[in-house]
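All chains are named by letter (A, B, ...) in the order of the sequence lines, taking the proteins before the strands, and each is independently numbered beginning at 1. Just so we're clear, the structure is a prediction, and the values are computed from it rather than from any experiment.
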Number of protein chains: 2
Amino acid sequence: MKSTENNHSILLHKHGLKVTPLRLAILDVLGRHHSPLTAEEISTKLKDVDFDRATLFRSLKTFNETELIRAIDLGEGFMRYEIVCEKHDHHHHVMCTNCKKIEMIPFCVPPQISNHLLKVGYTNLSHRMDFFGLCSKCS
Amino acid sequence: MKSTENNHSILLHKHGLKVTPLRLAILDVLGRHHSPLTAEEISTKLKDVDFDRATLFRSLKTFNETELIRAIDLGEGFMRYEIVCEKHDHHHHVMCTNCKKIEMIPFCVPPQISNHLLKVGYTNLSHRMDFFGLCSKCS
DNA sequence: TTAGCTGCAAAGTATTTGCAGTGGT
DNA sequence: ACCACTGCAAATACTTTGCAGCTAA
């Protein structure tokens, strides 16, 4: 058993989820990639595993709810999913509008905005911030 | 003819679009509301007009492409649309996660981020930034 | 007159659900 | 053994498309 597989078993177990071949495979795929993948992309990369689309979506939903992965909506009309890792807890992305490459960016929203919103009565604040543009290769 | 109707006729004409009852009605509905509406909400408010859903979506698409309106994706699984007005050119929103009230916020992303992205080779930059939380009433 | 707009019906895309069987723990 | 997980098929939600007729300019 590879160590990543073992890690993922432990991870699943920790979150009270059962360890199945498909789930390990999904986490394996997500763990191998630094940028968020679509259900479609995950499917393609799961070529050695026999599985059903509905189950994939169900697993992704469960993983997202237990915060094992994070669902990301970049306005493409479908979701992307990335594995949650302590190193890159909360972060934002830039996406190339041409080649669709997605990178993390080391900045967050200005605290000024959250402060303003708290001041006018908002609570339980969260936010989304994404950038789009042509990457250096596509420019 | 009401002055808003007249304004919208001129607006459509300016953008090279034909003036039809449905289009005037859509712009009328959007013009009356300060927060972005869904296709569903627009439909409901068009109760006096006889129209087809496909045509509504086609009009919204056309309006968005000609920048008469702006399509907004707040990650709800459907689009929202707001009329473009010079006063509030580019702006961002806060949405109450409970009552779905949407407000404009008078802040934009820090220039630091765009500068960083330009420095690493990105061009044609754009961005999205939205806040979510419980509004003062729902808190 | 003639593009552009429209209604109708059907299709498309991403995701979800019901149900009965299987498999992890 | 029990319940979470699974496959299969069908359904859902939002939006788009093809086509033929209509209408604003």
Legend entry - C:dG7 phosphate, OP1 or OP2, under 4.0 Å from B:T55 side-chain N/O: yes
Inset, instruction - Let me know, please, whether B:T20 or B:F57 comes out on the 5' side of the other along DNA chain D by nearest nucleotide. - result: B:F57
Inset, instruction - State plainly whether the residues A:R53 and A:E40 are in salt-bridge range, i.e. N to O under 4.0 Å. - result: yes
Inset, instruction - Return no unless some side-chain N or O of B:T62 is found under 4.0 Å from OP1 or OP2 of C:dC5. - result: no
Inset, instruction - Mark yes or no for a side-chain to base donor-acceptor pair under 3.5 Å between B:R23 and C:dG4, with no hydrogen or angle criteria applied. - result: no
Legend entry - Shortest side-chain distance from A:R53, nucleotide among C:dC8, D:dA24, C:dT15: C:dT15
Legend entry - Short side-chain N/O contact from B:T38 to OP1 or OP2 of D:dC14, under 4.0 Å: no
Legend entry - A:K18 NZ to D:dA1 C1', straight-line distance once rounded to whole Å: 11 Å
Legend entry - Of the listed nucleotides C:dT6, D:dT16, C:dT15, the one nearest the side chain of A:Y81: C:dT15
Inset, instruction - Report the distance from atom CG of B:L12 to atom C1' of D:dT23, rounded to the nearest whole Å. - result: 15 Å
Legend entry - Residue A:K61, side-chain heavy atoms: nucleotide from D:dT17, D:dT15, C:dT17 that is nearest: C:dT17
Inset, instruction - Map A:M79 and A:L17 onto DNA chain C by nearest heavy atom, then report which one ends up closer to the 5' terminus. - result: A:M79
Legend entry - Interatomic distance, A:D50 CG vs D:dC5 C1' [rounded to whole Å]: 15 Å
Legend entry - Value in whole Å for how far the P atom of D:dA13 lies from CD of B:E76: 16 Å
Inset, instruction - Classify the side-chain pair A:H90/A:H92 by whether it contains a donor and acceptor separated by less than 3.5 Å. - result: yes
Legend entry - N/O donor-acceptor pair under 3.5 Å between A:N64 side chain and A:A71 backbone: yes
Inset, instruction - Answer yes or no: is there a donor N or O on one side and an acceptor on the other, between the side chain of B:R70 and the main chain of B:D89, under 3.5 Å? - result: yes
Legend entry - A:P36: which of A:E41, A:H93, A:M79 passes side chain to side chain contact (heavy atoms under 4.5 Å, CB included): A:H93
Legend entry - Between P of D:dA25 and NZ of B:K14, the distance in whole Å: 16 Å
Inset, instruction - May I ask you to say what A:D73 touches in the nucleic acid, namely base, sugar-phosphate or nothing, with a heavy-atom cut-off under 4.0 Å? - result: nothing
Legend entry - hbond_proxy B:R58 side chain to C:dG7 base (donor-acceptor, 3.5 Å cutoff): yes
Legend entry - Length of the CG-P vector between B:L27 and C:dC5, whole Å: 13 Å
Legend entry - Separation of atom CG in B:L24 from atom P in D:dT23, rounded to whole Å: 16 Å
Legend entry - Atom-pair distance (CG on A:L22; C1' on D:dA4), nearest Å: 14 Å
Inset, instruction - Between C:dC8, D:dT15, C:dG24, spot the one nearest the side chain of B:F78, thanks. - result: D:dT15
